[in-house]
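All residue numbers refer to positions in the sequence shown, counting from 1.
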Amino acid sequence: VPLQVECVDVDTDGLCGICIDESTARRRAIFVPGALPGAIVRVVIEEEGVGGVGGVGGVQKAGNKRRKSSKGLTYGRIVDVVKEHDGKTDAVCPHFGSCGGCSLQEVAYAQQREIKARRVRNAFERIAGLAAGHPALAGLRVTGSPEPYGYRNRVEFSVVGSDEAGGGRVVVGKHRRGSKEVVAVGGCALQRSAADACYASVVDSIEGLGGGVVVEYVSVRESVYSGDILVNVATRERADVDLIGLAEHVRSRHPALRGVVNSVLEQGSPVELRRVREEHLVWGAGDLVERLGDVTYRVSANAFFQVNTALTELLYRHVVDACRLRSSDVVLDLYCGSGTIALFLARHSAVPPARILGIEVVEGSIADARHNAEKNGVTCATFVRGDVGDVRKIAEAHGVAGPDVIVVDPARAGLSTRALDGVVSLGPRRLVYVSCDVSTQARDVKRVLESGMYRVEEVAAFDMYPQTTHVETVCTMTRIEE
């Protein structure tokens with residue numbers, strides 16, 4: 001018998017709407033693909049769980065590809081729509097619905113930000129344990145992107161079928177929503193226009209490669225500052241010679257192309273988890289120049305750089321304010337990448353710190369960071385390669401026994417227990433945590449608060465990823481003084 005339920009949120013990956021069933025003695029959450037907040041739908045239960053509503057807030061990993069690890073959750077299927085979701089609008093992209101890259105294109109942009117603000121509040125209340133109405137969450141608003149579409153300076157596309165097992169049919173595109181299947185896409189509405197046009201030529205070339213080259217994915221990056229384009233082709237084995245034809249083909253059609261790089265991946269794990277073991281220049285230059293404020297950055301093919309350049313500057317200005325630096329301060333910048341935050345702090349703080357030590361595990365990023373510091377005339381910043389899990393050991397080895405401020409900007413998985421313990425043990429006056437996954441951030445914040453040494457001062461959110469359910473957040477914590 002169909003149940004009538006209202007959708008109140010979406011899950012972390014945007015695969016399912018979270019609907020509330022009031023018909024049972026204990027209110028329960030039902031995960032429903034295609035449901036969006038504000039909608040009232042009739043659903044039939046396809047998989048019965050035992051959980052109540054304790055998990056509501058978008059913190060679970062739902063969807064078909066994750067059900068094995070989501071025991072206890074209830075899933076339903078829409079059979080009728082009683083009321084459309086809030087902010088109903090038409091999707092811009094012809095691939096919406098099949099491509100898993102976006103999930104909110106049918107929601108007006110103002111409502112998208114409301115959904116994300118609710119997710120942030122729920123995560124900090126339900127996971128981090130902040131009280132409802134906590135001052136850090138009161139009046140929380142998500143800072144919007146200047147460009148809701150065409151904002152991404154880099155997009156990665158998966159490639160399947162370039163090996164013999166593919167039967168000769170090569171597909172370049174994005175994963176289908178909730179699946180490992182790759183669906184062909186002719187472009188991406190989130191990608192900047194010049195890079196999107198370049199992508200079409202890259203696809204033509206990949207489809208024409210011989211069977212001896214196994215391509216795993218391709219990324220196209222465009223500099224907002226210079227307009228230059230960098231193509232990175234990730235392969236199973238070295239293929240720089242085989243990719244010369246691709247470089248010539250793309251170059252002949254796109255004068256903005258600055259270079260083509262061949263990245264060779266490690267083997268033995270899922271593609272999305274493999275690290276680059278070799279990087280070879282096929283043609284041109286292997287990097288781009290980007291600019292934030294009055295700082296210019298060299299960004300290599302595999303270096304991390306925030307995808308929404310326009311909003312990143314606003315994000316970093318907030319980080320500057322959150323640090324509240326003093327002239328004598330020593331700062332640790334963990335997961336420093338190409339030195340983006342460290343150099344922005346050095347150049348844009350009203351009172352520059354005495355010293356900044358950046359730590360990053362990716363060797364190429366450290367090389368970029370050192371180059372960027374030199375080019376921008378920043379002498380107070382030092383960058384070292386190392387595992388953030390060894391932060392205390394590394395910091396002490398470089399004369400930083402007691403940093404005043406620590407900034408962390410980890411990958412989606414957040415901080416390891418070892419890294420977090422190291423950070424807390426260093427006892428900074430201020431801890432500024434930048435994150436692209438509010439669930440793991442809230443988990444880590446909870447662990448910091450359990451030390452009894454810190455309190456949450458402020459939580460801010462930035463919509464770095466319009467049309468998706470993801471949101472960038474900054475949590476500022478201050479040490480509790482005796």
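Qualifying side chain to side chain donor-acceptor pair (under 3.5 Å) partners for R277, counting only residues two or more places apart in sequence or in other chains: E237. In terms of the side-chain contact (heavy atoms from CB on, under 4.5 Å) criterion, residue partners of F304 (sequence neighbours excluded) are, by chain and number, Q306, D409. Residues forming a side chain to side chain donor-acceptor pair (under 3.5 Å) with R251 (at least two apart in sequence, or on another chain): none. Residues that satisfy the salt bridge (Lys or Arg N to Asp or Glu O under 4.0 Å) test with E278, not counting sequence neighbours, are absent from this structure. Taking E313 as the reference, R317 meet the side chain to side chain donor-acceptor pair (under 3.5 Å) condition, with sequence neighbours excluded. Residues passing the ring pair (Phe, Tyr, Trp, His ring centres under 6.0 Å) test with H318 are F462, sequence neighbours excluded. Scored by the salt bridge (Lys or Arg N to Asp or Glu O under 4.0 Å) test, R443 finds no partners at all (sequence neighbours excluded). Judged as a salt bridge (Lys or Arg N to Asp or Glu O under 4.0 Å), and not counting sequence neighbours, R141 has no contacts. In this structure D228 satisfies the side chain to side chain donor-acceptor pair (under 3.5 Å) test together with S226, sequence neighbours excluded. The ring pair (Phe, Tyr, Trp, His ring centres under 6.0 Å) search around Y335 returns none, not counting sequence neighbours.
In this structure, G187 and D196 approach most closely via the heavy-atom pair CA-OD1, 3.3 Å. The two residues A35 and C19 have their closest heavy-atom pair at CB-SG, 3.9 Å. When every heavy atom of S425 is checked against every heavy atom of G422, the shortest pair comes out as OG-O, 2.8 Å. What you find for R221 and A303 is that their closest heavy atoms are NH2-O, 2.9 Å. When all heavy atoms of V391 and A419 are compared, the pair lying nearest together is CG1-O, 4.1 Å. Here the shortest heavy-atom pairing between A29 and I18 reads CB-CG2, 4.0 Å.
Of the N and O atoms on the side chains of H254 and S201, at least one donor lies less than 3.5 Å from an acceptor on the other residue. Counting only N and O atoms by type, the side chains of T340 and Y316 include a donor and acceptor under 3.5 Å apart. Between the side chains of Q441 and T473, at least one donor-acceptor pair of N or O atoms lies under 3.5 Å. In this model, no donor atom of one side chain and acceptor atom of the other lie less than 3.5 Å apart for N153 and S223.
Between R258 and D287 a salt bridge is recorded (basic side-chain N to carboxylate O distance below 4.0 Å). Salt bridge E457/R430: present, at least one basic N to carboxylate O contact under 4.0 Å. Salt bridge absent: R121 and E125 never bring a charged side-chain N and a carboxylate O closer than 4.0 Å. Comment: R447 engages D444 in a salt bridge, judged by a side-chain N to carboxylate O separation of less than 4.0 angstrom. A salt bridge is defined here as a Lys NZ or Arg NE, NH1 or NH2 lying under 4.0 Å from an Asp or Glu carboxylate O, and R119 with E114 fails to meet this definition. Between R275 and E266 there is no salt bridge, since no side-chain N of the basic residue sits under 4.0 Å from a carboxylate O of the acidic one.
If you look at F157 and Y199, their ring centroids are closer than 6.0 Å.
Side-chain contact between C198 and V231 is present, with at least one heavy-atom pair separated by less than 4.5 Å. Looking at heavy atoms from C-beta onward, N302 lies in side-chain contact with N232 at the 4.5 angstrom threshold. In this structure, Y297 and F344 have side chains that are in contact, with non-hydrogen atoms separated by less than 4.5 Å. You'll find the side chain of Q467 reaches within 4.5 Å of the side chain of L190, heavy atoms only. Counting heavy atoms from C-beta outward, R412 and H470 have side chains that approach closer than 4.5 Å. Considering only heavy atoms from C-beta on, E147 comes within 4.5 Å of R192 through its side chain. Between V434 and V408 there is no side-chain heavy-atom pair separated by less than 4.5 Å. In this structure, I341 and V319 have side chains that are in contact, with non-hydrogen atoms separated by less than 4.5 Å.
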Checking side-chain contact (heavy atoms from CB on, under 4.5 Å) for the pair T235/Y217: CA distance, chi angles, key distance, verdict? CA-CA 7 Å; T235 57; Y217 65 81; over 6 Å; no
Could you go through the salt bridge (charged side-chain N to carboxylate O under 4.0 Å, His left out) check for R370 and E374 one step at a time? CA-CA 6 Å; R370 291 169 177 165; E374 181 180 356; over 6 Å; no
Take R154 and E290 through the test salt bridge (charged side-chain N to carboxylate O under 4.0 Å, His left out) and record every step on the way to the result. CA-CA 12 Å; R154 178 184 180 276; E290 193 56 276; over 6 Å; no
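Annotation for K88: atom NZ counts as buried by contact number, over 12 foreign heavy atoms lying within 6.0 Å.
Pairs passing the salt bridge (Lys or Arg N to Asp or Glu O under 4.0 Å) check and including a residue from residues 461-473, sequence neighbours excluded, read K116-D463. Here salt bridge (Lys or Arg N to Asp or Glu O under 4.0 Å) pairs that include residues 327-351, with residues two or more places apart or in two chains, are D294-R347, D329-R429.
Across V218, V260, V282, a single residue satisfies side-chain contact (heavy atoms from CB on, under 4.5 Å) together with L246, and that is V260.
Between the S349 side chain and the V351 main chain, no donor and acceptor come within less than 3.5 Å of each other.
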